[in-house]
Amino acid sequence: MRVPYGWLMDYLEAEITATELAHALTMGGLEVEEVQQWTSEDGTASDQVLLTKVTANRGDLLSMIGVARHAAAVLGTSWKLPDIPWNLVAEPVSGQTLVSDGRVTIELADPAGCPRYSGLLMQGLTMRPSPQWLAHRLEAAGMRPLSHVIDCTNYVMLELGQPLHAFDYDRLRDGHIIVRRAMAGERMETLDRQERNLTAEDLLITDPAGPIALAGVMGGSSTEVGPHTTRVLMESAHFDPTSIRKTSLRLGLTSEASYRFERHVDPNGTLRAIARVTDLILATCGGEVVGKALDACAEDFSPRRILLRPRRCNAVLGTDLSADEMARCLRAIDCQVTPCPEGLQVEVPRLRWDIEREVDLIEEIIIVHGYDKLPLTVPGRLAQSGVLTRRQKQVRLVGEVLRQCGLNETLSFSVFGPGDLDRLGLPQEAPERNMLALGNPMIETQTHMRTTLLPAMLEACETNVRQRVTDVALYEINKVFLPRPAEPLPDEPLRVAGVLMGSMATSDWKSTLDRGQVAGGPQVPDFYTVKGIVQQVCDALGVTGTSFGRAHHPAFHPGRCANLLLAGQPIGVLGEATAEVQQRYDLPARVYLFELELEPLLAAACEYKPYRQLPRFPALLRDLAFVCPDDAAHDAAALETLILQSGGEYLRDVAVFDLFVNAERLGAGMKNLAYRLTFRADDRTLTDDEVDALIERIKDTVTSKTQARFRDY
Amino acid sequence: MLDEIALMQTEAEAAIAAADSEAALEELRVKYLGRNGLVRGQFQKLGSLPKEDRPAVGAALNQLAKGLEERLEARRAELAAADADRALLADAIDITLPGRSHRVGKRHPLLATLDEMVAIFLGLGFRVVEGPEVEDYYHSFTALNYPEYHPAMDEQMTFYCGPDVLLRSQTSTVQIRAMEHMEPPVRIVVPGRCYRRDTVDATHCHTFYQLEGLLVDEGVTFADLKGTLEIFAREMFGERCHVRFRPDFFPFTEPSAEVALSCTLCEGGGCRVCSNTGYLEVGGAGEVDPNVLAGVGYDTDKYTGFAFGVGVERFTMLRHGIDDIRLFYSGDMRFLGQF
Ligand SMILES: [Zn+2]
């Protein structure tokens with residue numbers, strides 16, 4: 001809200017500059033975001049304007065006297081109301097849901113929505129513009145001066161916080177105001193010339209002919225005050241905040257009035273505001289009041305009584321305040337405080353609707369006392385030690401392993417769009433297309449919660465390439481969001497994904513020394529790099545029972561794609577992206593990707609790996625090579641299995657160390673695979689003869705069961 | 001005779017010292033100590049000496065032979081060492097060429113900062129709890145004491161997936177989920193990702209990280225909250241950093257405070273980073289509203305608690321001097337490799 005300093009100081013008794021005041025208000029809970037220098041459009045007036053940011057619970061701060069009252073409390077000074085001609089509203093015609101003086105009738109047909117409605121009739125008015133001082137004040141507060149009657153309603157709303165509405169009495173049927181809910185299908189035109197369709201939730205001000213105002217939100221055009229209006233019925237009412245908010249939200253229509261009503265307006269301020277606004281109108285427009293004010297009030301708005309226990313107050317705050325000190329703080333916000341055996345009996349004026357409970361009083365006490373005077377202590381009881389759970393440590397470990405493998409950690413958005421899955425080449429029936437949609441997305445490429453991290457990995461590559469960075473090695477550990485049948489909330493499992501492109505080394509310069517040694521050079525990742533990384537992750541977690549199986553995934557090269565299998569179940573995919581994917585993301589080199597489900601890996605992780613006895617007798621190493629067709633029946637794992645099966649108990653390890661493919665030397669479609677075999681016994685040193693016999697058995701098995709030929713080294 | 005020996009020793013020692021190769025040393029060895037060498041020649045003259053002189057001259061000759069042998073050996077070692085030095089020198093390489101190493105990846109700066117924040121609270125006995133990012137209305141608002149149709153909802157700028165399903169706009173939702181599953185004392189922090197419909201620019205993003213804290217126990221006071229955050233501030237930014245509380249409003253805390261830290265760049269004097277206020281707003285905090293505690297079935301007469309939520313982006317940007325929040329989600333290797 002814009003609070004002109006000069007205007008505010010009419011009500012605040014303090015010697016204080018705008019800047020000092022802004023600081024005091026801010027520290028007291030009414031944030032002043034800025035103190036602006038303001039000059040009127042005609043250049044004849046200037047002031048400083050405090051831009052306040054009012055929290056949603058403090059509707060009482062949305063007026064000049066509200067700010068003055070708060071400032072007085074935090075500064076320890078006093079504030080005052082403007083001159084209110086109380087005689088104008090003395091001895092009003094009062095009643096609960098129906099009041100009438102013959103000329104005006106007020107009927108509260110929905111007391112829950114409108115528990116109070118005050119009115120006053122004026123006649124003999126001449127429509128004029130506002131005097132300059134008033135127009136300037138409105139302008140400083142950010143409102144455009146219109147005609148004097150309207151300006152006065154705005155002025156008093158800004159001054160006292162009570163929204164007002166002026167009806168042209170002569171356009172009102174029978175002078176009869178009925179406050180009720182709209183009927184189905186009812187319509188009305190609001191002051192902004194919009195035709196509004198109403199629902200049974202909307203609270204209306206009506207006359208016997210139909211709606212004349214959208215209660216607390218905006219007046220209707222049918223009873224609008226115009227240049228020829230001479231008789232005005234002034235409305236000063238109290239509405240239920242929720243009702244106003246619902247209508248305002250539904251119609252997308254907010255006004256200065258609805259903004260205030262949503263945040264509660266003092267229900268005891270209706271007559272005061274009418275007196276003030278009538279006085280201002282008559283001073284410029286001439287005319288007179290007809291009869292007495294009317295005041296229909298269906299609810300008891302006497303102060304709320306709350307008991308404050310000083311011990312409880314200090315126990316919540318951690319302070320050592322006396323009951324007298326607490327009473328002083330509460331009186332500063334206009335509460336009546338009476339000591340009683342249990343502590344303090346506090347009467348809270350209704351304008352502070354937000355103070356309902358003892359704890360609310362406690363907050364007011366520390367606000368007035370000063371948050372800066374709060375002592376610094378620490379909680380007395382140390383209940384537990386702070387440690388990460390096993391799962392939390394393991395998730396961190398996965399990240400550490402990937403960083404050790406040379407991948408930087410990246411973060412990407414949890415929202416994406418179906419277009420990302422199109423780019424990945426996923427068909428319409430892909431499970432990843434079962435996504436949770438946002439009801440109110442901000443941009444059209446981010447409309448759903450992601451179901452895979454792969455698009456983010458490729459997009460990161462794309463971004464880097466655009467910056468001419470072609471060496472990319474990234475990983476992300478994050479959630480995907482998988483809708484669950486018959487569950488409102490999705491499953492949010494953790495995934496880990498990574499991408500490799502270009503070179504892996506920090507500095508890939510190569511040196512060839514005169515003795516012919518070559519060192520360094522680019523380490524270009526391939527399928528086996530990404531597979532090795534995945535294996536490192538499994539190994540670090542101590543997950544056993546994993547394997548790799550050939551897999552098909554639309555985003556991956558059909559011959560260079562594998563699933564990570566845990567107990568035979570696929571829990572991840574890895575491999576080389578297809579040329580199409582590479583093209584769609586405009587990437588200059590082959591890209592290797594992986595995405596693993598972290599949850600099953602974490603579940604299978606072992607907390608402490610068991611120690612394996614170090615060997616006591618030396619091993620014998622033998623190299624063995626086979627020439628065989630380069631097909632699935634002769635893949636590395638198939639041969640390895642045969643070797644292991646036929647090698648006997650002393651064969652401890654089989655490791656590929658060379659793959660050689662050369663059509664000229666081996667024949668088309670053939671390959672040479674070389675293995676290093678480790679033989680060891682636990683209780684003695686093996687002899688060459690023993691191992692030679694085993695090697696013969698292995699050779700026989702492999703060559704008899706496959707088309708592989710033994711190749712002598 | 002003894003004079004002759006002394007003269008020979010002087011000559012031989014000078015020649016050995018001057019020898020500059022293995023071959024020259026060998027030549028000298030043959031000349032003096034060889035089968036027909038000069039020293040042996042002297043031994044042969046011993047017989048012609050008077051009997052009483054023989055022991056003294058013999059001893060002198062032995063002394064000479066042993067001495068020359070040692071000199072020769074020492075000089076040989078000297079020459080070998082010099083050769084080795086020359087060979088090493090010839091193998092010298094250019095040490096200014098760039099180092100070659102296996103690249104080690106880097107932790108994302110946002111998460112590194114979050115780790116550090118979490119570590120401080122682990123040290124204070126808090127444990128880490130996580131919760132869903134897609135939440136229901138109840139845990140997001142109702143249980144946090146947000147009245148229905150309340151203007152406080154406007155500030156949340158929530159992404160909705162349905163009338164009852166939304167993306168959490170604050171980690172406070174996890175307070176409820178945690179308390180639903182445990183009895184006091186509750187002493188937890190919740191690091192996590194939140195979402196708000198905020199247009200992305202250099203200082204705003206619809207995705208952000210928060211660290212939420214919650215402590216519920218007997219006798220937990222507002223002053224305890226301020227003291228705990230003061231410890232956090234000092235650990236993060238040094239001994240001179242302190243916490244400022246200002247009244248604020250959150251439906252789930254009462255009293256509530258906006259939390260600001262004194263700007264350690266200008267020591268409170270005001271600078272560009274703190275918009276000349278001397279303070280940096282970092283989050284919100286307060287005593288847990290009794291309605292929230294009652295909602296999860298806690299005895300509000302027995303237990304009180306405090307809660308706080310602080311942003312992570314601001315700290316990260318501050319400590320590294322990062323000026324554009326979008327870099328965090330760029331995946332840019334040049335950015336991520338720096339930390
Ligand atoms: Zn500063």
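Here is how names work: the chains are called A, B, and so on, in the same order as the sequence lines, proteins then strands, and each is numbered from 1.
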Do A/Glu409 and B/Lys106 touch side chain to side chain, with heavy atoms closer than 4.5 Å? no
For residues B/Asn291 and A/Arg357, is any side-chain donor paired with an opposing acceptor at under 3.5 Å? yes
Do A/Thr377 and B/Thr228 come within less than 4.5 Å of each other through their side chains, counting heavy atoms only? no
Can you check whether A/Asn478's main-chain N or O pairs, donor with acceptor, with B/Arg193's side chain at less than 3.5 Å? no
May I ask you to decide if the ring planes of A/Tyr371 and B/Phe222 are parallel, tilted or perpendicular, using 30° and 60° as cut-offs? perpendicular
Counting heavy-atom pairs under 4.5 Å with chain A, which one of B/Gly219, B/Pro247, B/Cys161 comes out on top? B/Pro247
Please lay out, stage by stage, how A/Glu31 and B/Arg246 fare under the test side chain to side chain contact (heavy atoms under 4.5 Å, CB included). CA-CA 9 Å; A/Glu31 188 180 353; B/Arg246 211 169 62 69; 3.3 Å; yes
Per-residue tally against chain A (heavy atom, under 4.5 Å) across B/Thr304, B/Ile231, B/Leu167, B/Asp248 peaks at B/Leu167
Sub-4.5 Å side-chain heavy-atom contact between B/Thr221 and A/Leu317: no
Most contacts with chain A, counted as non-hydrogen pairs under 4.5 angstrom, among B/Leu111, B/Val118, B/Ile93: B/Leu111
Residue B/Arg107 versus chain A: region with a heavy atom under 4.5 Å: both
Where do B/Arg244 and A/Met27 land on the side chain to side chain contact (heavy atoms under 4.5 Å, CB included) test, with the steps shown first? CA-CA 10 Å; B/Arg244 186 191 72 182; A/Met27 294 313 295; 3.6 Å; yes
NE2 of A/His23: more than 12 outside heavy atoms within 6.0 angstrom? no
Please look at A/Arg58 and chain B and tell me whether the side chain, the backbone, both or neither of the residue comes under 4.5 angstrom of a heavy atom of that chain. neither
Scored by heavy-atom pairs under 4.5 Å with chain A, the best of B/Glu230, B/Glu287, B/Lys226 is B/Lys226
Sort B/Ser256 into side chain, backbone, both or neither according to what part of it lies under 4.5 angstrom from a heavy atom of chain A. both
Of all of B/Phe249, B/Tyr195, B/Phe121, which one pairs up most often with chain A through heavy atoms under 4.5 Å apart? B/Phe249
Interface moiety of A/Cys461 toward chain B, non-hydrogen atoms closer than 4.5 Å: neither
Please classify the contact of B/Leu215 with chain A as side chain, backbone, both or neither, using a heavy-atom distance under 4.5 Å. side chain
Any side-chain heavy atom of B/Glu130 within less than 4.5 Å of one from A/Gln392? yes
Side chain, backbone, both or neither of A/Pro441 within contact of chain B (heavy atoms, under 4.5 Å): backbone
Is any side-chain heavy atom of A/Thr410 less than 4.5 Å from a side-chain heavy atom of B/Tyr329? no
So what's closer than 4.5 Å to chain B heavy atoms on A/Asn464: side chain, backbone, both or neither? side chain
Checking heavy atoms, do the side chain of B/Ala112, its backbone, both or neither come under 4.5 Å from chain A? neither
